[in-house]
Protein chains: 2
Amino acid sequence: MRTPLNDPAPCEDPLRLDRQLCFQFYAASNLIGRLYAPVLARLNLTYSQYLVMLVLWEEDGQNVGAIGKRLHLDTGTLTPLLKRMETLGHLVRQRDREDERRVRISLTASGKALREEALHVPEIMTRGQDLEELDGLRRTLAGVVEALKGGRPRPDRA
Amino acid sequence: MRTPLNDPAPCEDPLRLDRQLCFQFYAASNLIGRLYAPVLARLNLTYSQYLVMLVLWEEDGQNVGAIGKRLHLDTGTLTPLLKRMETLGHLVRQRDREDERRVRISLTASGKALREEALHVPEIMTRGQDLEELDGLRRTLAGVVEALKGGRPRPDRA
DNA sequence: CTCAATTAAATTGTGCACAATATAAGTCCG
DNA sequence: CGGACTTATATTGTGCACAATTTAATTGAG
């Protein structure tokens, strides 16, 4: 039996920070957010707000739930986020007449115009990188995200 | 010249959400945190607190800055986080006598004992997964994190 | 020795994330 | 119609992240 803090085989210690895949995601996500912040600040957007804009630039007038489904965020995150974005003038929130439970999110003129500015962002952030490599990684991670969405596919409980 | 929202080649639209590598990291990190939460709750830890414990289980008695360097977090995040963990009884914070600017973080007996419980966590979280594949991905991401740490290695500005 | 510069941590203020709960609108069955 | 049920969003409360600033201890040049 092993005593705490005296693992006889520390290199195989399952709790070593560097061995945790989850930590690599956590660290990368935080560091990426920090790199985007100053670039997006010039568009008067936070990183999360930028993601919402990406969703709305693809299709304007979606309701809160549809945006949340796309970004894997719930209303506890989105409602205040969208209110801040409305205050900033990027979009407007209005109850759906057809179904008063829903809130439709529509870009303002300035919100639509902001897309032109944002077109530079991906280029700025990937400058000097191997685009083939980044795209391969993106595909790999898209698969990981897909697997995580399902709460992880159990191993076919044999 | 392209008009906003009417890109003639939408499949090559650089702003499509699914094409953003950053979003895959963001989504994966959030989803992973959600999967860990219920498992770690049984240890009375949040995900961030778990990471701090991993660092301290490797080496007890580090100061705030050393922990922050390891996790890529600053004192604005760590100070309140460590105070909460002290309240929970996982660790104690005490000024270093040698250098009164420093605060040394030491595990309590229960904090050390918690490691035994935590040993199950990596196994629970990776159950049913291809461990070779996860380790390959971990290595790839470790490289990405390393690159991000340097604020990204400029392309040797030729 | 003294005071400017540096370093370590804490504080302040903003903006996410998320679980849990609440509110209210729509649906459906008898 | 009417009440159970479901769906869509909002609210509440906690805990991060992080930039910017502050406080206090240490270092170091003159």
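Residue numbers start from 1 in every chain, and the chains themselves are labelled A, B, ... in the order their sequence lines are given, proteins ahead of strands.
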Are the side chain of A:Q62 and the backbone of A:S106 linked by a donor-acceptor contact shorter than 3.5 Å? no
With a 3.5 Å cut-off and just heavy-atom distances, do the side chain of A:R101 and the base of D:dT9 make a donor-acceptor pair? no
Using OP1 and OP2 only, check whether a side-chain N or O of B:R93 sits under 4.0 Å from C:dA10. yes
Would you call the rings of B:F25 and A:F25 parallel, tilted or perpendicular, where under 30° means parallel and over 60° means perpendicular? tilted
Does A:S48 have a side-chain nitrogen or oxygen under 4.0 Å from the phosphate oxygens OP1 or OP2 of C:dA17? yes
Side-chain N or O of B:T75 versus OP1/OP2 of C:dA9: is the shortest distance under 4.0 Å? no
State whether A:R34 places a side-chain N or O below 4.0 Å from either non-bridging phosphate oxygen (OP1 or OP2) of D:dC18. yes
Report yes if a side-chain nitrogen or oxygen of B:R95 is closer than 4.0 Å to either non-bridging phosphate oxygen (OP1 or OP2) of D:dA25; otherwise report no. no
With a 4.0 Å cut-off, would you call B:E146 and B:K149 a salt bridge? yes
So, does B:Y26 get its side chain near the phosphate of C:dA17, meaning an N or O under 4.0 Å from OP1 or OP2? yes
Side chain of B:T77, heavy atoms from C-beta onward: which of D:dT9, D:dC16, C:dC16 has the nearest atom to it? D:dC16
Looking only at C:dA25, C:dC16, C:dA9, the nucleotide nearest the B:T79 side chain is C:dA9
Let me know the distance between CG of B:L88 and P of D:dT14, rounded to the nearest Å. 13 Å
What orientation do B:Y50 and B:Y36 show, parallel under 30°, tilted 30 to 60°, or perpendicular over 60°? tilted
With heavy atoms under 4.0 Å as the rule, sort A:G76 into base, sugar-phosphate or nothing. base
Reckon A:K83 has a side-chain N or O less than 4.0 Å from the OP1 or OP2 of D:dT9? no
